[in-house]
**Q** 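What follows is a single structure, and I will ask about it in a moment.
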Amino acid sequence: MKIAAMMKDDGCIARTVAEATKILIVTEEARVPTAKEIVEIGGQEITSTVLGLAKRDIDVFIAGEMSTLLQSALRMLGVSLYPGCEGDAIETIAAYLTDEPIGDPSKIVIPEEDENDPMACIHDCSRCMAACATRTEQEPAQ
């Protein structure tokens with residue numbers, strides 16, 4: 001499993017993506033850290049940050065404040081979110097690995113479901129997978 005923490009130059013968790021200069025990525029096996037990587041992100045937009053996390057197969061994301069956009073994008077990638085964290089990034093990851101409570105669960109934004117949303121399956125593909133699988137391909141227009 002890979003755990004990422006958004007941090008500043010001083011090693012503390014960044015309050016916002018705009019303040020973040022690095023992402024600390026810790027790989028763990030059986031709750032024991034096996035590798036550590038620091039990725040420089042200074043000045044990147046949220047899109048670039050999410051793309052970088054997706055390429056690294058992040059499982060857990062630890063941060064200070066997280067926008068709804070960032071939460072939605074990471075949730076679509078299957079990443080577990082821990083917003084509302086503060087303090088030293090390494091200590092926070094260590095706390096996560098020892099099952100200590102971290103972050104503030106009230107900061108997780110759960111979007112309301114709209115059953116009439118034609119794009120709902122983009123937000124949660126498991127909802128329409130069966131319907132999509134039974135559709136027949138249309139003949140190309142001539």
Side-chain angles (χ1 to χ4, degrees), residues 1-138 140-141:
M1 174 188 313
K2 290 186 179 181
I3 305 159
M6 189 170 60
M7 64 183 205
K8 302 180 286 185
D9 286 331
D10 64 1
C12 290
I13 293 177
R15 192 175 59 82
T16 65
V17 174
E19 289 180 7
T21 57
K22 302 172 184 178
I23 294 180
L24 170 64
I25 300 172
V26 174
T27 304
E28 66 86 24
E29 292 178 20
R31 299 282 186 192
V32 176
T34 58
K36 176 175 91 170
E37 175 185 10
I38 295 179
V39 179
E40 299 286 332
I41 62 159
Q44 286 186 359
E45 296 177 358
I46 290 176
T47 308
S48 300
T49 302
V50 170
L51 183 59
L53 293 171
K55 288 180 179 178
R56 288 178 171 80
D57 295 323
I58 300 302
D59 299 296
V60 174
F61 188 69
I62 296 170
E65 300 296 322
M66 295 175 65
S67 68
T68 304
L69 172 67
L70 181 58
Q71 287 189 35
S72 295
L74 292 173
R75 194 176 293 112
M76 285 174 55
L77 295 171
V79 176
S80 297
L81 307 175
Y82 290 88
C85 293
E86 53 188 32
D88 186 78
I90 292 174
E91 290 177 8
T92 304
I93 290 175
Y96 171 80
L97 291 173
T98 58
D99 294 324
E100 292 179 40
I102 62 169
D104 182 357
S106 70
K107 294 188 180 273
I108 295 177
V109 176
I110 306 294
E112 291 185 25
E113 298 267 341
D114 179 2
E115 63 186 44
N116 297 320
D117 182 3
M119 303 298 282
C121 68
I122 289 177
H123 306 293
D124 183 2
C125 290
S126 63
R127 287 182 40 199
C128 70
M129 200 61 96
C132 293
T134 59
R135 286 190 194 149
T136 57
E137 288 189 35
Q138 295 181 3

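Any value given below was found using the heavy atoms of this structure, including those in side chains, with hydrogens, waters and symmetry copies removed.
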**Q** Any donor-acceptor pair under 3.5 Å linking the side chain of T27 with the backbone of T34?
**A** no

**Q** May I have the step-by-step check of side chain to side chain contact (heavy atoms under 4.5 Å, CB included) for L53 and V79, ending in yes or no?
**A** CA-CA 10 Å; L53 293 171; V79 176; over 6 Å; no

**Q** Do you know which two heavy atoms are closest between L81 and M66, and how far apart they sit?
**A** CD2-CE, 3.7 Å

**Q** First locate atom CD of Q71, then atom CZ of F61, and finally report the distance between them rounded to the nearest 0.5 Å.
**A**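 Spacing of CD (Q71) from CZ (F61) equals 10.0 Å.
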
**Q** Atom CD1 of I62 and atom CD1 of I13: how far apart are they, to the nearest 0.5 Å?
**A** 6.0 Å

**Q** Locate the shortest heavy-atom distance separating R31 from Y96; write the atom from each residue and the value.
**A** NH1-O, 3.5 Å

**Q** What's the separation between atom CD1 in I58 and atom CE in M1, rounded to the nearest 0.5 Å?
**A**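 Here the rounded value is 11.5 Å.
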
**Q** Quick check: closest heavy atoms across I90 and K36, and the distance to 0.1 Å?
**A**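 Of all heavy-atom pairs spanning I90 and K36, the closest is CD1-NZ, 4.4 Å.
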
**Q** Just jot down the salt bridge (charged side-chain N to carboxylate O under 4.0 Å, His left out) partners of E65, sequence neighbours excluded, or say none.
**A** K107

**Q** Distance from K22 atom NZ to M7 atom CE, nearest 0.5 Å?
**A**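 Answer rounded to 0.5 Å: 5.5 Å.
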
**Q** Could you pull out the closest heavy-atom pair between P33 and L97, with the gap in Å?
**A** CG-CD1, 3.8 Å

**Q** Taking atom CD of E29 as the centre, report whether more than 12 heavy atoms of other residues, nucleotides or ligands fall under 6.0 Å from it.
**A**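 No, not enclosed.
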
**Q** Strictly by salt bridge (Lys or Arg N to Asp or Glu O under 4.0 Å), give each pair with a member in residues 46-64 just once, sequence neighbours left out.
**A**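 Of all non-adjacent pairs touching residues 46-64, those that pass salt bridge (Lys or Arg N to Asp or Glu O under 4.0 Å) are E37-R56.
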
**Q** How far apart are the closest heavy atoms of M6 and G64, and which atoms are they?
**A** CE-N, 4.3 Å

**Q** Provide the closest heavy-atom pair for T92 versus E86 in the form atom of the first, atom of the second, distance.
**A** OG1-O, 3.7 Å

